[in-house]
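We count ligands from 1, going down the list as the structure has it; atoms in each ligand are counted the same way.
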Amino acid sequence: MNSLVIPNMNPNLLLNKYLPLIEQVATVVELGNVEKALLHKKTGELAMVLRALKDISDPAERKQQGAAANVVKAQLEAALATARQRLGGQTGAVTVDESLPAIVPARGHWHPLHLVQTELVDIFRSLNFAVYEGNERETDDYCFEFLNIPASHPARDLQDTFYLDTKRSDGLKEVMRTHTSNMQVRMMQQQQPPLRMVVPGRVFRNEAVDASHEHTFYQLEGCVVDKDISIAQLTYLLRLAMSTLLKADVKIRLRPGYFPYVEPGFEADCSCTQCAGKGCAVCKYTGWVEMLGCGMIHPNVFKAAGYPAGTYTGFAFGIGINRLAMLKYGINDIRYFMQNDLRWLKQF
Ligand code: PHE
């Protein structure tokens, strides 16, 4: 017997069929197609012939057929190589038009809140502030109690809180932190003054959502404790940080504000950089944007931290990062940040 088990797979037939084809191909694409028709692992005709060899039961016959198939294979491969050379040495089945513009792959990018947060953190880092991250899930005491807000205090109503029904072995209640101020006493307990720190992070309030209120937003807490710290230093620092971030010479305005953990306490406004004080939608036509709460740290907070009475002074502030991003980019609805609309996010 001088033919393979599958008669149509006589390798010499492949020579007759393919050699003229290979000699005639005019483009690399055509060459690629012929190559595929011959050599494709599953459907290539030559590949099938070679695969069929193992089904020949007689060893002597298998050897002979194998040798014949290999001669054909070598001849076809030589012809393919010659054609490839003739067409300029290209190998791939795909032609590349180098004059076409490149396809730019989609790239990820930072969220506007992240941009503002990192810029702020960098500014404070450059002023030698330590940066800490805190717990988003916090015990009642660090979020309220140690901050001079006892359970019975009416100030508990100031922030609508998400209380958790966790059962801790120490009996403490847990909340989703309503502000990054939860880190004030935590960090004070761990170190002695001088203390200079910022804490960026996510906070949660059980609020009705509208254009200027979100249930989840970001703050950056700042805290400086030493001897003889003053309000003048606080305003200087805020002005420096805001002006650097907003790349403008901003003004800071302090209004009396009530936070039980500071005395005196202030609401700080920043002059509107979108309209330079003339009035626009971002500043609600007032020329000022409410930016943060701040004040001089209350003696009861130092007491909770275990600092000796009457020794240290300090200030704390909590910047709303969303508000700041709105001012920086001229965004007039806080809900955009959490909507995850890529068309919107891609602008930053
Ligand atoms: N924790 C306050 C808030 O959430 C901001 C604040 C921080 C006020 C520090 C005073 C001092 O609005």
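Looking only at distances, no side-chain donor or acceptor of Thr139 sits under 3.5 Å from a matching main-chain atom of Glu174.
Contacts with ligand 1 closer than 4.0 Å are made by side-chain heavy atoms of Tyr261 only, the backbone lying farther away. Here Arg177 has no heavy atoms under 4.0 Å from ligand 1, in either its backbone or its side chain. Within the 4.0 Å heavy-atom criterion, the part of Ser181 lying near ligand 1 is the side chain and not the backbone.
Using modelled atom types and a 3.5 Å distance limit, the side chains of Asn300 and Asn148 yield a donor-acceptor pair. One side chain, Tyr18 or Glu45, offers a donor N or O that lies under 3.5 Å from an acceptor on the other.
A heavy-atom distance below 4.5 Å is not found between the side chains of Tyr336 and Leu345.
Taking 4.0 Å as the cut-off, Gly265 does not count as a neighbour of ligand 1 on heavy-atom distance.
If you chain together hydrophobic residues whose side chains sit under 4.5 Å apart, Met183 and Met296 never meet in one group.
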Would you give me the side-chain donor-acceptor pairs under 3.5 Å for residues 217-231, sequence neighbours excluded?
residue : atom : partner : partner atom : Å
Gln219  : OE1  : Thr180  : N            : 2.9
Gln219  : OE1  : Thr180  : OG1          : 3.2
Glu221  : OE1  : Thr180  : OG1          : 2.9
Glu221  : OE1  : Ser181  : N            : 3.2
Glu221  : OE1  : Ser181  : OG           : 3.3
Glu221  : OE2  : Ser181  : OG           : 2.8
Glu221  : OE2  : Gln184  : NE2          : 2.8
Ser230  : OG   : Ala232  : N            : 3.4
Ser230  : OG   : Gln233  : N            : 3.3

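Residue contact check: Cys294 has heavy atoms under 4.0 Å from atoms 8 (C), 10 (C), 11 (C) of ligand 1.
By the 3.5 Å distance cut-off applied to N or O atoms, Thr178 is not counted among the residues near ligand 1.
Of all the listed residues (His179, His298, Glu221), Glu221 holds the heavy atom that lies closest to atom 9 (C) of ligand 1.
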